[in-house]
Amino acid sequence: MAEIKERIRKNGKKSYTASVRIKGHPSVSKTFAKKTDAEIWANGMEIEIRENMNFPNRAIKKMTVGDLIDKFIKYELPKKKPKIQKDFIKALDWYKNEIGCIYLLNLSTAMLVECRDKLSKKLKEVPMKNGEIKITDETISPATVNRYMTYIRVVFAYAVNDLDILDINPMAKVKKLSEDNARTRYLELEEIKKLLSACQQKSYELFICVLIALLADARKSEIINLTWKNVDLEHKMFYFLNRKNKQNIGVPIHEYLYEELVKYKSQCKLRNLKNDYLFMTEDGKPKETLIGKLFPKVVKECGIEDFRFHDLRHTGSSWQAMSEIFQPITQRILGHKSPAMTNRYCHFRDESLRPAIKQVGDIILSKWLDD
C-alpha cells in the first residue's frame with residue numbers, strides 16, 4: 001500500500017514523502033515538493049512492483065545487469081560484514097562497467113566467460129598515500145579472479161532465489177580458474193630469533209603481536225581484533241570467536257607469551273572500556289597499521305626475504321609438523337575443524353592442546369630464549 005506523509009522543513013516549506021510497502025518486497029520511498037507528484041509516483045511504483053511480483057518475466061525484460069547490481073547493493077549488501085562489502089563493491093563495479101548495460105534476458109555464458117578471461121589479464125592496483133591508485137605491471141592472481149566471479153554469482157543467486165526473475169544462475173556453467181597460491185614459506189629458528197629481536201627493538205606492541213601469531217597460530221584479523229575480554233589470563237587461554245570458518249575455539253597461551261602479556265597489559269596506558277582491543281589506536285579502533293605497515297618495514301630492515309605476516313601462521317604449523325605433533329591437534333589449533341561446542345568459554349577451553357602449544361613454542365623460541 002502507498003502512504004503519503006507531510007513534513008515541514010526548517011525553512012517552513014512543506015515536503016511530501018511517498019512510501020510504498022508491499023508484503024514480500026522491500027519498502028521504497030521518495031520525497032517531493034508537491035503532494036500530487038508524490039501521489040503519482042506512489043501509484044506508479046505500486047503498480048510496477050505488483051507487476052514485477054506477479055509477472056517476473058516482465059521485470060527481466062527491462063532489467064539490466066547494472067540494475068540488478070544496484071538493487072543488490074541497496075538491499076542485500078548492507079547485511080554483510082563491512083570488509084566484505086568493500087570487496088563486493090570493487091568487484092561489482094568492475095562487472096557493472098563491463099556488462100552493466102546488458103539486459104538480463106540477453107546475458108549469455110559466453111559473455112561471462114569473456115569477463116573471466118578479461119579479469120585474468122587485469123593489472124593489480126595499489127592504493128597510494130595521496131589517495132591515487134597505482135597500476136602495476138603484475139596481473140591479479142587466479143584466486144582474485146575467482147573471488148570476483150564468486151561475488152557476481154552471489155548477485156545472480158539473489159535474482160534467482162529472492163527476486164525470482166531468473167530460473168538458473170548464469171554463472172552456473174562458468175568454470176573457475178585453477179589456483180596455485182599455496183605458500184610453503186616459514187621461518188627457521190635463526191630467522192625467528194632475528195625477527196623477534198627486530199620487533200622488540202622497534203615496537204613492543206608489534207613484538208607481542210608476532211608472538212601471538214607464532215605461538216597461537218592466529219590470523220591477522222584475529223590478532224588485530226582481539227580484546228582483553230577474550231584473553232583469559234587466569235586459565236592462560238586465548239578465545240578466538242567467529243573465526244574464518246565461523247567456529248569458536250580456545251587456544252592455550254604459551255608460558256613465555258603469558259609472561260609477556262601480563263607485562264604488556266600492565267604497561268598499556270591506552271584502554272577503552274567499550275572496545276578494549278589489545279592493539280588500539282587513540283580513537284579506540286583496532287591498530288591495523290601495526291601489521292599492515294610496521295611489520296613489512298621491520299621484516300625488510302632485518303633482511304628476511306619473501307615473508308608476509310600470514311607466514312607466521314605457516315611457521316607455527318610447520319614446526320608442529322616437524323615436531324611430530326598429531327595432525328588432528330594441529331588442525332584444532334589452526335581452526336580447520338570445529339567440534340560441537342557452546343558459546344560459553346569454559347565449554348570450549350581445550351586444555352588438551354596445551355602440551356602441543358608448549359612443546360612447539362619451546363622449539364620456536366629456543367634460539368631466542370638461549371640469549
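Everything numeric here is computed off the predicted structure, so don't read it as measured data.
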Which atom pair, heavy atoms only, marks the closest approach of Phe240 to Ala218? CZ-CB, 3.7 Å

Do the non-hydrogen side-chain atoms of Ser203 and Leu294 ever get within less than 4.5 Å of each other? yes

Crowded around Lys122 NZ? As in, over 12 foreign heavy atoms under 6.0 Å? yes

Please tell me if the side chains of Ser366 and Ile364 come closer than 4.5 Å, counting only heavy atoms from C-beta onward. no

Aromatic ring pairing Tyr264/Tyr204, orientation class (parallel under 30°, perpendicular over 60°, tilted between): perpendicular

Glu301, CD: over 12 other non-hydrogen atoms inside 6.0 angstrom: yes

More than 12 heavy atoms of other groups within 6.0 Å of Glu305 CD: no

Check the side chains of Thr144 and Arg147 for a donor-acceptor pair under 3.5 angstrom, ignoring hydrogens and angles. yes

So do the side chains of Leu77 and Ile84 get within less than 4.5 Å of each other, counting heavy atoms only? no

Please report the closest heavy-atom contact between Asp217 and Leu214, naming both atoms and the distance. OD1-O, 3.9 Å

Looking at Lys173 and Thr109, what are the two nearest heavy atoms and their distance? CB-CG2, 4.0 Å

Taking Ser197 for the side chain and Lys194 for the main chain, is one N or O donor matched with an acceptor at less than 3.5 Å? no

Please tell me whether Trp368 and Phe207 form a close aromatic pair, meaning their ring centres lie under 6.0 Å apart. yes

If we ignore angles and hydrogens, is there a donor and acceptor under 3.5 Å between the side chains of Thr31 and Ser15? no

Before we go on, tell me: are the rings of Tyr95 and Tyr151 under 6.0 Å apart, centre to centre? no

Hey, quick one: are Phe32 and Ile40 part of the same hydrophobic cluster, counting side-chain heavy atoms closer than 4.5 Å, chains of contacts allowed? no

Atom CG of Asp137 with >12 non-hydrogen neighbours under 6.0 angstrom: no

Student check: side-chain heavy atoms of Leu187 and Leu312 closer than 4.5 Å: yes

Given side chains that start at C-beta, do those of Arg153 and Lys176 come closer than 4.5 Å, heavy atoms only? yes

Looking at Asn146 and Leu177, would you say the former's side chain and the latter's main chain have a donor-acceptor pair under 3.5 Å? yes

On the ring face of Phe309, is Lys220 found with NZ or CZ under 6.0 Å from the centre and within 45° of the axis? no

Glu191 CD to Glu188 CD distance, which is reported to the nearest 0.5 Å: 6.0 Å

Correct closest heavy-atom pair for Thr227 and Leu278 would be C-CD1, 3.4 Å

Using a side-chain heavy atom cutoff under 4.5 Å and only I, L, V, M, F, W and Y, what cluster partners does Ile4 have? Tyr16

State whether the number of non-hydrogen atoms from other residues, nucleotides or ligands found under 6.0 Å of Glu259 atom CD is greater than 12. yes

A side-chain contact here means heavy atoms from C-beta on lying under 4.5 Å apart; do Asp67 and Ile69 qualify? no

Can you find a pair of side-chain heavy atoms, one from Thr136 and one from Glu125, that are under 4.5 Å apart? no

Is there side-chain contact between Val160 and Phe156, with at least one heavy-atom pair below 4.5 Å? no

Shortest non-hydrogen separation from Val155 to Leu92 and the atoms involved: CG2-CD2, 3.6 Å

Do you know which two heavy atoms are closest between Met149 and Lys175, and how far apart they sit? CE-O, 3.4 Å

Asn225 versus Tyr277, side-chain donor and acceptor atoms under 3.5 Å: no

